[in-house]
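See structure below.
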Amino acid sequence: MTNIYAEHILDAYQLFHDGTLALAEAEQQGMRVSVEYIKKKSKQIDHKITKLESVIYDSEFFRNWQNYSKSKVNIYSPKQLEMYLYTCLKLKAKKQTKSGHGSTDEESLAQLNIAELDTFLEIKKLKKLKDTYLDGFLREQIDGFIHPFFTLHLVKTYRGASSNPNFQNIPKRDKESMKTIRGALFPRIDYQLLELDYSQLEVRIAQAYHNDPTMLEYLETGHDMHKDIAVQIFCLKEYDATIHKELRQASKGAFVFAQFYGDYYKNCAKNLTTNWCKLPESKWKSGQGIIVGDEHISDLFIRSGITSYAKFESHLEKIENDFWGNRFPIYDRWKETWWRAYQRDGYFLSKTGFLFTGVMSRNDATNYPVQGAAFHVLLWCLIQATNELKEYKMKSKIVGQIHDAIVMDVCPTELDDVVAMMKRIMEKKVRKHWSWINVPLKIEAELCPVNASWAEKQEYKI
DNA sequence: GGAACTCGCCAC
DNA sequence: AAACGTGGCGAGTTCC
């Protein structure tokens, strides 16, 4: 083991040494925030919260809770809420927490259909934005700049982490939250924010490990795997982008990626049913669930003989078996042999030369080397870009990293050069450095107008 | 009064 | 056989 490690230790060490220096520069650069905007938004949100709180405090629901409680009720205490809902009111918890208590998360509260709880969820969402993001930025900013930290020593997969404030979990999917929070983040005066992110980086890096020929074809041709899987899951005769876009999203998020991470059909079925199709976990009737084209999704399923949740589950079991058994059998076999080798040796190396040791589950052992190496590709590019920006005496700066994406603050006169440089580094140069990367790499870009906040990001064709 | 815990939620 | 991975962080709570 010592010898195997020694062959790679210097490469791995050098990457993190150089990476630490490059990330330290990004930290030093930081990102501009509008203190004025944050204070204003923070106040607005406080106001909204106070108003919504009074709706709850004036309700029968709350008065009853306070009567039941021995001490002053704190609505934000999950423990008190759990007691009131599931012990006092004897409501049935949708699910349990890890330690066996009735859950009070969003999903659990939403399905109780209590107006006050809907208001409560609305408050919690606003509080999250204010406490974690707005207040966090304000606390961390100095002279109108935040300087998120980027570390390389905390994550067991050898990814990076970020803190004070965390640059890697800024709201994005929820449009309203995105606008509220990213509206506080700005480029330097007369600069513009540019984000370059790899498409499907982990899927592409996994190829270097498993070498599955079908996956290779998908990645080389750019054929749409998620479309193909959506056709299977939803029994479509033909995929129509105008009608079935949502279904493609669903199969991508709740089946394909879940499968790659090691999930299995029962979880996928549940997630697809409740979160995507909005169908019950029981028998399905005509006119239920989300609308697809000119009909409800339950009708689509019923037409194909899937008339209940139970039938959908076994339908997905078949698709899972087909997915691994027929579509990606080589990938499947790699998982098994990789897992066996780890069980035999007690360790493994990533393609990037990092040593993984310790107790790992089967999913851990197959996920970690991919997740780590994918990040290392990004990190190598970040180091290269830092050096080249310096070498060419450019004014544009790297300000952060989000696992498979680099965020830059770009001087507009350099925009074309920066984009060309990043494309060259991230799609070509890194493949020269690491010839084990055996599929094309692709990046996509998002750009904000000059002086506009991060909320103004738009797709930018490159 | 701080450390360590649970729970929940944001990102990839 | 097993049953999706990695973080940071806030509030509430409990322990010492």
Side-chain angles (χ1 to χ4, degrees), chain A residues 71-83 95-109 120-121 123-137 139-140 148-174 177-178 180-182 195 197-203 206 253-271 316-317 320 335-336 339-340 343 356 360-372 374-375 378 400-407:
Chain A
S71 53
K72 191 167 161 30
V73 167
N74 177 353
I75 60 170
Y76 301 111
S77 159
K79 216 178 156 199
Q80 293 183 33
L81 184 55
E82 183 226 332
M83 275 293 267
K95 57 185 178 187
Q96 309 299 118
T97 66
K98 212 172 158 190
S99 60
H101 294 100
S103 172
T104 58
D105 69 1
E106 185 182 0
E107 187 193 355
S108 307
L109 298 189
F120 176 72
L121 289 174
I123 296 174
K124 287 256 293 201
K125 194 165 190 168
L126 292 169
K127 266 181 90 68
K128 169 85 180 171
L129 295 183
K130 181 185 172 335
D131 295 342
T132 303
Y133 299 105
L134 296 180
D135 290 355
F137 293 165
R139 186 181 60 244
E140 295 295 338
F149 293 4
F150 295 96
T151 52
L152 294 176
H153 63 290
L154 292 171
V155 182
K156 53 185 167 184
T157 62
Y158 298 107
R159 256 195 188 181
S162 171
S163 63
N164 306 99
N166 186 345
F167 190 69
Q168 297 177 320
N169 70 348
I170 298 171
K172 181 172 192 175
R173 287 165 206 161
D174 183 289
S177 306
M178 187 282 277
T180 305
I181 303 307
R182 296 192 182 222
E195 183 169 343
D197 72 298
Y198 274 114
S199 45
Q200 311 168 290
L201 185 59
E202 284 189 21
V203 174
F255 186 81
V256 177
F257 281 137
Q259 289 288 330
F260 287 157
Y261 282 130
D263 207 355
Y264 81 130
Y265 70 93
K266 285 199 182 196
N267 285 339
C268 297
K270 191 166 205 165
N271 192 3
L316 268 199
E317 185 181 11
E320 181 180 274
K335 285 197 191 186
E336 187 58 28
W339 168 237
R340 285 274 163 81
Q343 285 185 307
F356 290 71
M360 286 177 253
S361 72
R362 186 193 159 105
N363 282 342
D364 291 343
T366 49
N367 284 331
Y368 289 3
V370 176
Q371 190 182 102
F375 170 66
L378 190 280
Q401 158 268 125
I402 315 172
H403 308 305
D404 65 356
I406 292 174
V407 181

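Chain letters run A, B, ... following the sequence lines, proteins first and then strands; every chain starts at 1.
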Tell me, please, which residues at least two apart from A:Phe167 pass ring-ring contact (aromatic ring centres under 6.0 Å, His included). A:Phe150, A:Trp454
Please report the distance, rounded to the nearest Å, between CE in A:Met83 and P in C:dT13. 12 Å
Give the rounded distance in Å between these two atoms: CD of A:Glu320 and P of C:dA2. 16 Å
Determine, stepwise, if the pair A:Ser177 / A:Asp174 fulfils side chain to side chain donor-acceptor pair (under 3.5 Å). CA-CA 5 Å; A:Ser177 306; A:Asp174 183 289; 3.0 Å; yes
Contacts of type salt bridge (Lys or Arg N to Asp or Glu O under 4.0 Å), residue A:Lys130, not counting sequence neighbours: A:Asp46, A:Asp135
Reckon A:Glu202 touches a base, only the sugar-phosphate, or nothing at all at heavy-atom distances under 4.0 Å? nothing
If you assign each of A:Gly136 and A:Gly160 to its closest nucleotide in DNA chain C, which residue comes earlier from the 5' end? A:Gly160
According to a strict under-4.0 Å criterion, is A:Gln80 in side-chain N/O contact with OP1 or OP2 of C:dT13? yes
Who pairs with A:Arg182 by salt bridge (Lys or Arg N to Asp or Glu O under 4.0 Å), at least two apart in sequence or on another chain? none
Got a sec, which residues hit ring-ring contact (aromatic ring centres under 6.0 Å, His included) with A:Phe149, two or more places apart in sequence or on another chain? none
Quick one: which of C:dC4, C:dG10, C:dG12 gets closest to the side chain of A:Asp131? C:dG10
How sharply is the helix from B:dG1-C:dC16 to B:dC12-C:dG5 bent, taking the axes over five pairs at either end and rounding to 10 degrees? 0°
What residues from residues 361-372 of chain A pass a heavy-atom cutoff of under 4.0 Å to DNA chain B? none
Interatomic distance where CG belongs to A:Leu152 and P belongs to C:dG7 [whole Å]: 13 Å
Can you find a side chain N or O atom of A:Asn267 that sits less than 4.0 Å from OP1 or OP2 on C:dC4? yes
Mind checking if A:Tyr76 touches a base, just sugar-phosphate, or nothing, with heavy atoms under 4.0 Å? sugar-phosphate
Excluding sequence neighbours, so at least two apart, what forms salt bridge (Lys or Arg N to Asp or Glu O under 4.0 Å) with A:Glu336? A:Arg340, A:Arg362
Please report, rounded to the nearest Å, how far the P atom of C:dA3 is from the CH2 atom of A:Trp339. 10 Å
Hey, what are the protein-to-nucleotides 14-16 of chain C N/O distances that come in under 3.5 Å?
{"residue": "C:dT14", "atom": "OP1", "partner": "A:Lys79", "partner atom": "NZ", "Å": "2.2"}

Just to be sure I understand the rule, does A:Tyr265 reach a base, reach only the sugar-phosphate, or reach nothing, if contact means heavy atoms closer than 4.0 Å? nothing
Non-neighbouring partners of A:Glu107 that pass salt bridge (Lys or Arg N to Asp or Glu O under 4.0 Å), sequence neighbours left out: A:Lys94, A:Lys95
Taking CZ from A:Phe255 and C1' from C:dA3, how many angstroms apart are they, rounded to a whole number? 14 Å
Heavy-atom closest pair, residues A:Thr104 and A:Pro78: OG1-CB, 3.8 Å
Quick one: A:Asp135 CG to C:dG10 P, roughly how many Å, whole number? 9 Å
Between A:Lys156 and A:Asp364, is there a side-chain heavy-atom distance shorter than 4.5 Å? no
Using a heavy-atom cut-off of under 4.0 Å over every strand shown, decide if A:Ser177 touches base, sugar-phosphate, or nothing. nothing
Could you give me the CA-CA distance, side-chain angles and deciding distance for A:Leu81 and A:Phe120, then say whether side-chain contact (heavy atoms from CB on, under 4.5 Å) is met? CA-CA 11 Å; A:Leu81 184 55; A:Phe120 176 72; 3.8 Å; yes
Can you see if the side chain of A:Lys127 gets near the phosphate of C:dA11 - specifically, an N or O under 4.0 Å from OP1 or OP2? no
Rounded distance in Å - CG (A:Leu129) to P (C:dC9): 17 Å
Touch class at under 4.0 angstrom, heavy-atom based, for A:Lys172 against every strand present: sugar-phosphate
Do you know the tightest heavy-atom contact between A:Gly160 and A:Val155? O-CG2, 3.7 Å
Check whether A:Thr151 reaches the backbone of A:His153 with its side chain - one donor and one acceptor, N or O, closer than 3.5 Å. no
For A:Phe356, all residues meeting ring-ring contact (aromatic ring centres under 6.0 Å, His included), sequence neighbours excluded: A:Tyr158, A:Phe348
Taking A:Glu320 for its side chain and A:Tyr265 for its backbone only, find out whether a donor-acceptor pair lies under 3.5 Å. yes
5'-most to 3'-most nt of DNA chain B touching chain A (<4.0 Å, heavy-atom partner on protein side) reads B:dT6 to B:dC12
Would you kindly give the CZ-to-C1' distance between A:Arg159 and C:dG8, to the nearest whole Å? 13 Å
By side-chain contact (heavy atoms from CB on, under 4.5 Å), which residues pair with A:Ala374, not counting sequence neighbours? A:Leu201, A:Glu202, A:Ile205
